[in-house]
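Just below is one structure, and these are the notes that go with it.
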Protein chains: 2
Amino acid sequence: MYSIGDVADMMGINTSAIRFYDKQGLLPFVERDSAGRRVFKKNDLNFIEVIDCLKKSGVPVKDIGHFVQLCMQGDGTLMERYEYLDKEEEVLEEKIEEMQKQLDFLRYKKWYYKTSVEAGTESIHFAPGTNAVDPQTKEKFQTELEHCTNLRDLIDLARPDE
Amino acid sequence: MYSIGDVADMMGINTSAIRFYDKQGLLPFVERDSAGRRVFKKNDLNFIEVIDCLKKSGVPVKDIGHFVQLCMQGDGTLMERYEYLDKEEEVLEEKIEEMQKQLDFLRYKKWYYKTSVEAGTESIHFAPGTNAVDPQTKEKFQTELEHCTNLRDLIDLARPDE
DNA sequence: ATTTGACTTAAACCTGTGTTTAAGTCATAA
DNA sequence: TTATGACTTAAACACAGGTTTAAGTCAAAT
């Protein structure tokens, strides 16, 4: 048995966030004591763990509410719940893939600035006689990337010894 | 030379989103024609690519504005720009790691529901004589995970042949 | 007995990230 | 030459996801 404060501490969130989730229908299983205070049971933490996972995965609160509603309806909705999680698995996989693409681009730009810092000017990457980046710059990076064994050597700026 | 509509089409966003970014200081380099319309140069697309990457990485608009400001100040800020990207690289790496953790949990829950669907009831995972999930359920999954060669066999529900 | 601290609610407030609306400008095709 | 479509602005609106505030309840320690 835990109070809202206990749960807030355990989850690392604000008590008012928990009350907000409750109001949005995410915690229909939470009971109350004689004074009207929320009482969280041990098994409620399993629910909260799922809710927390979905929130951290970027699922909107209303959407999570739909899943919780399925959970409250017993074994008849087991398949729907499986399908819900199956869908979210796919969404999350795509999200991670997308993030990885952005990370690759960020690393190209780190290389761009590492080499610029080393040269003292960004203009080493400009097309001759212009102030614009040479369209071949990224391909040059790709080539260097393929021929390098250590990504860090390629994109990290050497730090003075500490 | 591109109009705001061209850029919107290329980036797959709304023209009003571009105007919004401009107002927030993300596009100080964009010029105007005699009629006051935005004119995007080829090199502006390089900036927009970076902005788009940072946005997709979850960086707040104001924060991106800071980077753009550095870009407008010439070679004197090269090191700061490198450090900015270095920081964002780390943030993004952590974000991906976090997402991967949520994905692992989601897969545990998929297994939980796959096995429940197969059994016809969720109660196979309850502690004997209770309505609460057995605390050892997750460990049981972990063990099965270690001994399995194909994740999909473990967590994906067999679909009828199509 | 009263004070303290954790809880309760409803309602107001705030931030980020745009979108929509209304009124107007301009180049070009019919 | 006029109608169309793409652009311009400022300001209002929307919406998610909370946080803050104000007023009150209650149990337990002083």
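Note that this is a predicted model, so its numbers are computed, not measured. Here is the naming used below: chain letters follow the sequence lines, and residue numbers restart at 1 for every chain.
For A/Ser16 and D/dG18, the shortest distance from a side-chain N or O to OP1 or OP2 is not below 4.0 Å. Contact check, B/Ser3 against D/dC7: a side-chain N or O comes under 4.0 Å of OP1 or OP2.
Put simply, CD1 on A/Ile13 is 14 Å from P on D/dG17, counting in whole angstrom units. Here D/dA16 presents its C1' atom at 9 Å from NZ of A/Lys62, a figure rounded to the nearest Å. Atom NZ of A/Lys56 is separated from atom C1' of D/dG17 by 17 Å (rounded to the nearest Å). Distance CD1 (B/Ile64) to C1' (C/dG18): 14 Å, rounded to an integer number of Å. The interatomic distance linking A/Ile18 (CD1) with D/dT19 (C1') rounds to 14 Å, in whole Å. Regarding A/Ile4, its CD1 atom lies at a distance of 12 Å from the C1' atom of C/dT9, rounded to whole Å.
Remark: B/Lys87 is not positioned above the aromatic ring of B/Tyr84, lacking an NZ or CZ atom under 6.0 angstrom from the ring centre and at most 45 degrees off the axis. Annotation: cation-pi pair A/Lys109/A/Tyr112 present, NZ/CZ under 6.0 Å from the ring centroid and within 45° of its normal.
Summary of the strand contacts: A/Asn14 and A/Ala35 both lie near DNA chain D, and taking for each the nucleotide with the nearest heavy atom, the more 5' one is attributed to A/Asn14. Between B/Lys55 and B/Ser34, the residue anchored nearer the 5' end of DNA chain C, judged by the nucleotide with its closest heavy atom, is B/Lys55.
Heavy atoms of other residues, nucleotides or ligands lying less than 6.0 angstrom from CG of A/Asp153 number more than 12.
Listed in residue order, the members of residues 19-32 of chain A having a heavy atom less than 4.0 Å from DNA chain C are A/Arg19, A/Arg32. Taking every heavy atom of residues 37-45 of chain B and every atom of DNA chain D, pairs under 4.0 Å involve B/Arg37, B/Arg38, by number.
Not one N or O on the side chain of A/Glu90 forms a donor-acceptor pair closer than 3.5 Å with the backbone of A/Asp86.
Listed nucleotides: D/dG18, C/dA27, C/dT19. Nearest to the side chain of A/Val61: D/dG18.
The closest side-chain heavy-atom distance from A/Phe67 to A/Leu85 is below 4.5 Å. Residues A/Phe126 and A/Asn131 meet the side-chain proximity criterion, which asks for heavy atoms closer than 4.5 Å.
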